[in-house]
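The next block holds one structure in the form of structure tokens; read it before the comments.
Here is how names work: the chains are called A, B, and so on, in the same order as the sequence lines, proteins then strands, and each is numbered from 1. Keep in mind that the numbers below use all heavy atoms, side chains included, and drop hydrogens, waters and symmetry copies.
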Amino acid sequence: MYNEEQLIKAIEQSFKMYKLYGARSTAKLKPIHKFVADTLTEIYGKSFEVHFMGDETKEMTVDGKYYPKNIDITVTKNGEVVFCLGIKFVTSNYKQNANNYFENMMGETANIQALGNLSYAQLIILRHETPYYKKNETETPSKIEIVNDKDIQKYLNLVFDYPQAHRPNYIGIQVINVNEVANKVALTNLDNSFSAETSKLLNGKLSLTNFFKEISEYKDFLITKE
DNA sequence: AATGGGCCTTCAAAGAAGTA
DNA sequence: TACTTCTTTGAAGGCCCATT
């Protein structure tokens with residue numbers, strides 16, 4: 001099941017790779033993707049297959065309602081897709097691109113869930129203090145952006161919307177603090193950083209503990225249909 | 001088996017628009 | 001008018017596949 005320590009280690013590894021190889025390298029993706037894939041493998045068990053981008057493995061192309069798309073993590077049973085999950089780990093310049101991230105995620109979700117027979121989940125990792133870099137100045141940030149309630153609100157609006165194709169069935173959000181010098185990652189103390197209400201939701205409904213719990217329950221449901 | 005063009009995807013970054 | 005947010009554009013990596 002979900003292991004918080006492992007998550008932090010995976011994010012730390014991903015962040016290291018990001019610093020080492022840059023934003024464009026897939027090296028950044030692999031540790032965190034592997035962590036999620038491993039967690040899903042544990043949840044789903046031997047009769048399911050988990051596809052993701054690893055050193056030996058590739059992402060799966062899923063036929064969406066509108067177009068085929070590579071999905072970060074795909075769970076299949078006998079080759080048939082039963083569950084999809086997308087991951088986003090933003091390391092810089094968040095506010096400038098926040099709408100793009102959100103809209104892309106909705107589009108991807110709709111493309112999959114509009115098929116009608118499978119579930120899509122989105123895992124989002126944000127830095128509470130996110131550096132903003134200008135081009136060719138990737139060493140010293142020109143400012144630090146604070147991820148706040150408003151940045152989270154759009155995701156709350158979405159996850160509590162009534163069920164329709166573009167609403168992911170599961171959203172998990174983890175806000176982190178990164179020590180750039182030591183390459184250390186810590187989970188943000190939400191109570192000090194967000195309103196009481198937002199904090200409560202981030203600690204509850206949107207927490208990764210609950211995220212994987214709900215995914216696990218969905219798997220239990222899938223089994224009952226066999 | 002190597003080379004390289006074309007295309008897709010992701011992650012920014014610049015400039016525009018909005019707002020206090 | 002300075003700061004924030006939004007929209008559009010660009011850059012780079014990787015994959016597919018034709019050509020050699």
Salt bridge (charged side-chain N to carboxylate O under 4.0 Å, His left out): pairs with one or both residues in [range], sequence neighbours excluded:
| range | value |
| --- | --- |
| residues 71-83 of chain A | A:Lys77-A:Glu226 |
| residues 110-126 of chain A | none |
| residues 29-43 of chain A | A:Lys30-A:Asp55, A:Lys34-A:Asp38 |

**Item:** Proximal nucleotide (of C:dC16, C:dC6, B:dA12) relative to the A:Lys58 side chain
**Value:**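 Between C:dC16, C:dC6, B:dA12, the one nearest the side chain of A:Lys58 would be C:dC16.
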[X] has an atom [atom1]; how far is it from atom [atom2] of [N], in whole Å?
| X | N | atom1 | atom2 | value |
| --- | --- | --- | --- | --- |
| A:Ile146 | C:dT4 | CD1 | P | 11 Å |
| A:Tyr101 | B:dA12 | OH | P | 5 Å |
| A:Met60 | C:dC15 | CE | P | 17 Å |
| A:Glu103 | B:dA12 | CD | P | 17 Å |

**Item:** DNA chain C contacts made by residues 91-100 of chain A, counting heavy atoms under 4.0 Å
**Value:**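 Heavy-atom cutoff 4.0 Å gives A:Lys95, A:Gln96, A:Asn99, A:Asn100.
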**Asked** A:Phe221 vs A:Tyr218 aromatic rings, parallel, tilted or perpendicular, using cut-offs 30° and 60°?
**Response**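 A:Phe221 vs A:Tyr218 ring planes: tilted.
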**Request:** Applying side-chain contact (heavy atoms from CB on, under 4.5 Å), name anything that partners A:Gln6, two or more places apart in sequence or on another chain.
**Result:**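 Counting only residues at least two positions away or on another chain, A:Gln6 forms a side-chain contact (heavy atoms from CB on, under 4.5 Å) with A:Asn3, A:Lys9, A:Phe35.
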**Asked** In chain order, what residues pass the side-chain contact (heavy atoms from CB on, under 4.5 Å) check against A:Pro68, with sequence neighbours excluded?
**Response**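 A:Pro68 satisfies side-chain contact (heavy atoms from CB on, under 4.5 Å) with A:Thr61, A:Asp63 once adjacent residues are dropped.
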**Asked** With sequence neighbours left out, which residue pairs that include part of residues 144-156 of chain A fulfil the side chain to side chain donor-acceptor pair (under 3.5 Å) condition?
**Response**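 Listed once each, the pairs are A:Lys95-A:Asp151, A:Asp149-A:Ser195, A:Asp149-A:Thr198, A:Gln153-A:Asn157.
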Please list, pair by pair, any protein nitrogen or oxygen found under 3.5 Å from a nitrogen or oxygen in nucleotides 5-10 of chain B.
{"from": "B:dT10", "atom 1": "OP1", "to": "A:Lys69", "atom 2": "NZ", "distance (Å)": "3.3"}
{"from": "B:dT10", "atom 1": "OP2", "to": "A:Lys69", "atom 2": "NZ", "distance (Å)": "3.4"}

**Message:** If hydrophobic residues (ILVMFWY) are linked whenever their side-chain heavy atoms come closer than 4.5 Å, directly or via other members, who joins A:Tyr66 in its cluster?
**Reply:**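 A:Tyr67, which link up through side-chain heavy atoms under 4.5 Å apart, make up the rest of the cluster.
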